[in-house]
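Below, each value reflects all heavy atoms present in this structure, side chains not excepted, and no hydrogens, waters or symmetry copies. Chain naming here is simple, since letters A, B, ... match the order of the sequence lines and numbering starts at 1 in each. Note that the structure is a prediction, hence the values are computed from the model and not measured.
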Amino acid sequence: MTSAPTPVRVRIGPSPTGDPHVGTAYVALFNYAFAKKNGGKFILRIEDTDQKRSSPDSEQAIMNSLRWLGLSWDEGPDVGGSHGPYRQSERLNIYRDYVNQLVESGHAYWCTCTQERLAEVRKRQLALKQPTGYDGHCRERSQTEVLAEIQSGTPGVIRLKTPHTGQTRFNDFFRGDIVIENTEVDDQVLFKSDGFPTYHLANVVDDRLMGITHVIRGEEWISSTPKHVLLYQAFGWQHPQFCHLPLLRNADKSKVSKRKNPVSLEYFREAGYLPDTLLNFLGLMAFSFEDAREIFTLEDFVQNFKLERVSLGGPVFDLQKLLWLNGRYLREKRTDAQIVQYLQDQLFSTEYLSQIVPLVKERVEKSEDFVAYADFFFAGSVLVSPENYLMKDVERKRTIELYEFLIEKLEALRPFDATHIDSALRAFCLEHALKSRDLFMPVRLMVTGKKATPPLFETMAVLGRERCRTRMRSALQALRAMPV
RNA sequence: GGCCCCUUCGUCUAGCGGUUAGGACAGCAGCCUCUCACGCUGUAGACGCGGGUUCGAUUCCCGCAGGGGUCACCA
């Protein structure tokens, strides 16, 4: 006689610390499909335990992007559910209670080591070519002594007391048993001095409390899974089934990153990719249908989804194939009327045009002039010969380096409006001893492909961060490839 | 560097001991066509290396190499 199977419950736990990431969508898709295929629940949990980097804007953007893709969740911060709250910052007291339980049972301990000491320990370990990790300083001290320090105001953290002997074993659905020596696992911080838990603690407690049956997440987590398993053991809980998906890759096979690839879901939307295309494409990553079909709906994907058909080589996120797929969707899955509507909504929206018109109206005389003058607001690529990107009296190598810095600076610029762009660019000139006019023309050419445009800062603001960064990156690439 | 994971055309992948190693994107050639694109047809292109196991290995095992991930009071 078999007991009734536990209902499948899976979750996606994005950290609201930046733009909605394509990797989040990829992992969400697989979780969603697994839940739906098995009649289970798909849960969205916001993992905002990093106070410094988390923002409500990012959280909202992530939810908007997932919704745009059509991945809806059964439980989450906005839709509620029986296992809430679904925002980790709202569960602080829960983590505190559980971590105290660990301290009481002797599975965790307080630590008052300073960042400086930690850095020193690390430095020494590196110098001696020893494995890096916490040296257990406070673990060896009397807890009453450590606690006294904390009473008197010294900031402290709680660390997991990992065993010094033996090994930790867990099963990964795709890879089978993975065994790691406990000496490889260091005393990870569970509870930070700001009263927030770390990912390790929060994810274990929440997965348990939320009844998560399968943890489907990226492969990057494999190496910290032993810590999680040890935590489950310390609590006396059974752990969920782990399923580590292969990571999306850049063309050079490294983990997909914004420096080498567009990764923001907002970029894909703005650049004109259809949500169903993107989802379909993500479904092609590490997965294949038994009948080899490559074009399918989300419903098809759910119906045919099987963890057994996930392949493990890290898939390169190949923009060329995505482009082809998007073309087919446009041609085959949209009527002309839908495309007209789509263009009006996406590319020629009243909102976008309203921003452009004030910039160009003084420079034009007839409606057709707008097309010639404002084309770069709508164009995909605005590349010109790379020598145009060179700065006066700056050698190429240095130029490339400077643009790298500049792009990074602009990527992080928030809000991305004319005022901020203005000061960011001017500050950049000061920092690197550049004349503003020497920098502004190449930048103008990178983002617009033209020498004559409306004022640069306003223009960049209207184009938006994603378009600017993509254009600057491809300009930079052209500059790198330029024959000397 | 330690530990862990991975390894079929350039890329996404099929394959689960015996196949002319299949499909898709990109490439190339041709057809279609006022051009381009679409579409269609064809073509080139892969089992990382070395040992085993086996009558037989792309497929199973071991080693090596290569790639990746991870070593935070970030997730």
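Pairing of B:rG42, defined by two Watson-Crick or G-U wobble distances under 3.5 Å, is identified with B:rC28. Within the shown strands, nothing qualifies as a pairing partner of B:rC34 under the Watson-Crick or G-U definition with both distances less than 3.5 Å.
Among the heavy atoms of the strands, none lies under 4.0 Å from A:Arg293. Among the protein residues, A:Thr49 comes within range of the sugar-phosphate backbone only, with heavy atoms under 4.0 Å from sugar or phosphate atoms but none that close to a base. As judged by a 4.0 angstrom heavy-atom cut-off over every strand, A:Leu247 is placed among residues touching the sugar-phosphate backbone only. Heavy atoms of A:Gly133 sit nowhere under 4.0 angstrom from any nucleic acid atom. When heavy atoms are screened at a 4.0 angstrom cut-off, A:Ser254 is found touching the sugar-phosphate backbone but no base atom. Using a 4.0 Å heavy-atom distance criterion, A:Lys255 is classed as a sugar-phosphate-only contact. Using a 4.0 Å heavy-atom cutoff across all strands shown, A:Gln115 reaches at least one base atom of the nucleic acid. Here A:Glu294 lies in heavy-atom contact (under 4.0 Å) with a base. Residue contacts shown for A:Ser193 include a base, since a base heavy atom lies under 4.0 Å away. Contacts of A:Pro131 with the nucleic acid, taken as non-hydrogen atoms under 4.0 Å apart, are absent.
Comparing the same atom, P, in B:rU13 and in B:rG48 gives a spacing of 15 Å after rounding to whole Å. Here the separation of B:rA14 from B:rC9, taken at their C1' atoms, is 13 Å to the nearest Å. Atom name P, nucleotides B:rC61 and B:rG18: the rounded distance is 16 Å, in whole Å. Comparing the C1' positions of B:rC71 and B:rG15 gives a spacing of 36 Å, expressed to the nearest Å. A distance of about 15 Å separates the C1' atoms of B:rA46 and B:rA26, rounded to the whole Å.
Between A:Arg159 and B:rC73 there is a side-chain N or O to OP1 or OP2 distance below 4.0 Å. A sub-4.0 Å separation between OP1 or OP2 of B:rC12 and a side-chain N or O of A:Lys253 is present. Between A:Ser288 and the phosphate of B:rA14, there is a side-chain N or O to OP1/OP2 separation shorter than 4.0 Å. One finds a side-chain N or O of A:Arg122 lying less than 4.0 angstrom from the OP1 or OP2 phosphate oxygen of B:rA72.
Figure legend: cation-pi geometry between A:Lys36 and A:Phe34 absent, as NZ or CZ is not positioned both under 6.0 Å from the six-membered ring centre and within 45° of its axis.
Salt bridge annotation for A:Glu59-A:Arg87: present, with a cationic side-chain nitrogen under 4.0 angstrom from a carboxylate oxygen. A salt bridge is defined here as a Lys NZ or Arg NE, NH1 or NH2 lying under 4.0 Å from an Asp or Glu carboxylate O, and A:Glu120 with A:Arg122 fails to meet this definition. Under a 4.0 Å N-O distance rule, the pair A:Glu75/A:Arg9 qualifies as a salt bridge. A salt bridge links A:Arg67 with A:Asp78: the distance from a Lys NZ or Arg NE/NH1/NH2 to an Asp or Glu carboxylate oxygen falls below 4.0 Å.
In the interface, the side chain of A:Arg331 is not paired with the base of B:rC38 through any donor and acceptor atom under 3.5 Å apart.
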* Check step by step if side-chain hydrogen bond (donor to acceptor under 3.5 Å, both in side chains) holds for A:Ser254 and A:Asp252. => CA-CA 6 Å; A:Ser254 58; A:Asp252 66 2; 2.6 Å; yes
